[in-house]
Amino acid sequence: MSDSNTTSVMTENWVQIGTVNDIPLRGARHVHMGDKTIAIFRNADNKIFALEDKCPHGGCPISNGIVHDNSVTCPIHNWVISLETGEALGADEGQTLAFPVQMNGDKILLSLSLK
Amino acid sequence: MKQKLVIIGNGMAPGRALEKLFDTAPDQYDVTIFNAENRVNYDRIMLSPVLSGEKKFEDIIIHGDGWYIKNNVMLYKGHKVTNIDRVKKQVTSEHGEVADYDKLVIATGSNPFIIPVPGHKLAGVLSYRDLDDVTAMMLAAKARGSAVVIGGGLLGLEAAAGLKEQGMDVTVVHLMPTLMERQLDPAAGYMLEQELESRGIKVLCGANTKEIAGESKVEAVHLDDGTVIPASLVVMAVGIRPNNWLAQDAGLEVNRGIVVSDNMQTSDPDIFSLGECAEVGGVCYGLVAPLYQMANVLAANLTGDKDAKFVAQDTPTRLKVTGINLYSAGDFADGDDREEIVFRDASSGVYKRLVIKDDKIIGVVLYGEAADGPWFFEKLKTSEDISEIRDMLIFGQNAVLGGANVDPLAAVTALPDSAEICGCNGICKGDIVTAINEKGLTSLGEVRAHTKASASCGSCTGLVEQLMTLTLGNSFDANAIQSMCPCTDLGHSEVRRLIKAKDIKSIPQLMQELEWKTSCGCVKCRPALNYYLVADWPGEYVDDYQSRFINERVHANIQKDGTYSVIPRMWGGYTNSKELRAIADVVDKFNIPTVKCTGGQRIDMLGIKKQDLPAVWEDLGKAGFVSGHAYAKGLRTVKTCVGTDWCRMGTQDSTGLGIKLEKMMWGAWTPAKLKLAVSGCPRNCSEATCKDIGVICVDSGYDIHFAGAAGLDLKATVVLGHVDSEAETIIHIIALAQMYREQGHYLERIYKWADRVGIDEIKAQIMDNAEQRQTYYDAFIFAQTFAQVDPWDERVSGLDKHEFNPMAVLELEAAQ
């Protein structure tokens, strides 16, 4: 999960927020960052994703949803959000902010700049 | 920037127009709807089956609440628009809601015409237009008594048949000499009259109503000729009037209806109108097919396709009264330039008449045997020359095509692609076959969703299924089971059976053995599978919390702003000063903004932050409170009255029974929520007869009820049976709950489960089969040894801490 310009970015923006085991498999946690809340997801393949914890539909915290494949379903009106892009899938339209995530061993690094 | 589209009215025509609009241009408009009726869009054509009891309201909903949310439609229910300001381009509702529009659609429908005879305003005089009328009629019918239906047209006769089904003594009063004179010739009208009379409905033709008599409510109907018909209910079904006053007030051009061009535009280019209130080419329409055509034209014009134009077409008529086959279309008046072919069979009650002009069919009336209707109508529409087949024509399609009645599909096979299958929606055979092939449709539901065929009145469902068999071959089975979700082809019952048969004890094992199509399921199947495994393998299966909805994961109810509500258990609705003091202290300590009494006799604290939940529970736990499971697909409340402790009417210790039931059953997971009530006497203060399971105590013992509903559906319970002792009551109720736990589909309330498996089957197993009853009872009690753990206490002790606390809190020094 690393790419060529990792090093230069690491020094500026990446913040360690915890380890993979802090998040239940097919589950989510959240991170407070100022007045923003970021939802951190772990899917069945142990991939980690970060989205603003806000459904593009009604603003509900999507970290409360059910995680399946590479998506999460919002518990309020069942919108399905892509964990990779933050976009609403299916017939719905909208997008929530997606943040880059890096792994260092089992440690999760979150970038504060947008994807 | 999206344009603002405001629609006044939420009937079938604007509903269809929006479907088309969202299909072709989902992003063009922000849509706001004002609906004077306090409900979603439903199928008005199907009100008659609701009145006769063959269907329920839920069956005829076209767009549920979810549809409006999904399409971002702002729907104001129960808001009547009182003013259109064309200068400011604004509409105002009676409640003062104001909405701006770029484009406005007036779809206010029609009002029933009420004959202004003396007494027309008496209580008990109804019209027949919407669900409120049907509900009022059904209520009136409960008292049995006599009803008079004024008007012997399509609606009046459907109302009469429905009221007769509901047990009323019905008389139809019709001004003209024969029934349904606009759709039937006198001969068919006479046959229809005979048929209705034979069903016990009195028919008086050529009868003019002089007065509706009564002091404060209807007592009788007086006719011109002096006849007096006693009646407790009068239904006026003598016609409709386009509801055009709003347009008139706004200064739009109005004739009988709101005048629109053939692209549905009124005299104001930004205002459109459609439906029964619109007048196009000098004609107002009332049947669904032309209204749906208007909807298509409107949707096309709203998206800029100015070529879409309304073209007047004949629409066939059918009467929706079970057992009466009637079909009519076109023009069947007598005339010098016309010939007719008539077939009568008095013994079997068949009458067919074709009106022919210049070797073409121009009118069809069929009574008693109407299957050939669409075939004749096709010839009428296409002006086919019938001189070649004239000899055999009246005997119908099979006779003309020479096919014997062997292959049931022969008739459908022989239809041309242009033959109309669904009259309501104007869907032809070719449309359906193409959709099945191109979109790979395999179920009736899919065909309805994609083509709308048979999605309105449903009378062509058989034809659509035949077409599916024809197109898909044997792979289509009309009785096939709906799959659980797109991850599998198996239905819920099949999955439940296989879990037992194959000894499946985990979700990954299940997905492997039952060949799930996705890697880890979806939001529909995972919670269902988790429930099935929890219910089937108590003590063995490890509950997968990531397959539970958030409410069950954090043991509180999520609210729309992401905060939670907390409801502690109050056994049987009883509390005391110590508990109330503890609640008051918690509310103060955590600044809980809202405290409310629930319908289940408990106290709800709303607006609690997720991270505060464990601390709130800790304080409540110290006062003896446990989780009320108000968030669970499981046992919720057992509502009680004050019973023999206090009430002079009480017959048994109903409160004690309620509390015993709650103590034995709390913690149990069920397919959907389970609410109980126990009433101490038949006055039923705890409202036990609309609960999932209810008990009415009587002098001689206990009446056990179940399968009621008082939510989306309103449904009285049915009686499971009577038992003599409290101990037996408990065993029967717990056995019933266990049977439901083992058989119910996830999210299927007990009344729906009972509908599916049959009340008689449930009675047979619970009331009549003592061994089976004991087996269910024992299984429930065993499962409870694992389920009765207070989830709040567990979390106060530190379980699932990750659910409540942030993973990290980051300081933002230089966020930008």
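Side chains are part of it too, since the values below use all heavy atoms of this structure and drop only hydrogens, waters and symmetry mates. Residue numbers start from 1 in every chain, and the chains themselves are labelled A, B, ... in the order their sequence lines are given, proteins ahead of strands.
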Between [options], who has the most heavy-atom pairs with chain B when the cutoff is under 4.5 Å?
options	result
A:Ser71, A:Gly58, A:Gly65	A:Gly65
A:Thr73, A:Asp22, A:Asn64, A:Ile40	A:Asn64
A:Gly27, A:Gly18, A:Gly59	A:Gly27

[atom1] ([X]) with more than 12 external heavy atoms under 6.0 Å:
X	atom1	value
B:Lys77	NZ	yes
B:Lys609	NZ	no
B:Gln512	CD	no
A:Lys107	NZ	no

| Got a donor-acceptor contact below 3.5 angstrom from the A:Arg29 side chain to the B:His802 backbone? |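 Yes, A:Arg29 side chain to B:His802 backbone: donor-acceptor pair under 3.5 Å.
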Is chain B contacted by the side chain of [X], its backbone, both, or neither, given a heavy-atom distance below 4.5 Å?
X	answer
A:Ile17	both
A:Ile38	neither
A:His77	side chain

Determine whether B:Leu810 and A:Leu110 make a side-chain contact, defined as any pair of heavy atoms from C-beta on separated by less than 4.5 Å.
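Yes - at least one pair of side-chain heavy atoms lies under 4.5 Å apart.
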Check your understanding: Do A:Glu93 and B:Asp27 have side-chain heavy atoms sitting under 4.5 Å apart?
Key ->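 Side chain of A:Glu93 against side chain of B:Asp27, heavy atoms only: contact under 4.5 Å found.
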| Roughly how far, to the nearest 0.5 Å, is CD1 of B:Ile550 from OG of A:Ser63? |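 It comes to 7.0 Å.
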Gap between atom NZ of B:Lys524 and atom NE2 of A:His68 - 0.5 Å precision: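 The NZ atom of B:Lys524 is 11.0 Å from NE2 of A:His68, to the nearest 0.5 Å.
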Practice item. For residues A:Asp69 and B:Cys520, report the shortest heavy-atom separation together with the two atoms involved. Key: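 The answer is N-SG, 3.3 Å.
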| task | Looking only at non-hydrogen atoms, find the nearest pair between B:Met807 and A:Val31 and report the distance. | result |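 Result for this residue pair: CB-CG2, 4.0 Å.
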(request) Under 4.5 Å, counting heavy-atom pairs only, tell me which of B:Asp544, B:Asp800, B:Thr518 racks up the most with chain A. (result)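 Top option by heavy-atom pairs under 4.5 Å: B:Asp544.
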Review point. Given the options B:Arg553, B:Glu803, B:Gln546, which has more heavy-atom pairs under 4.5 Å with chain A than any of the others?
Key: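 Looking at each of B:Arg553, B:Glu803, B:Gln546 in turn, B:Gln546 comes out on top.
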Exercise. Which answer fits B:Asn72, side chain, backbone, both or neither, if we ask what part of it has an atom under 4.5 Å from a heavy atom of chain A?
Worked result: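 Answer is side chain: those atoms of B:Asn72 sit under 4.5 Å from chain A.
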Quiz prompt | Identified side chain to side chain contact (heavy atoms under 4.5 Å, CB included) partner of B:Val523 from the options A:Val72, A:Val67, A:Ile66, A:Val80 | solution =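 It is A:Ile66, the one option of A:Val72, A:Val67, A:Ile66, A:Val80 that forms the side chain to side chain contact (heavy atoms under 4.5 Å, CB included) with B:Val523.
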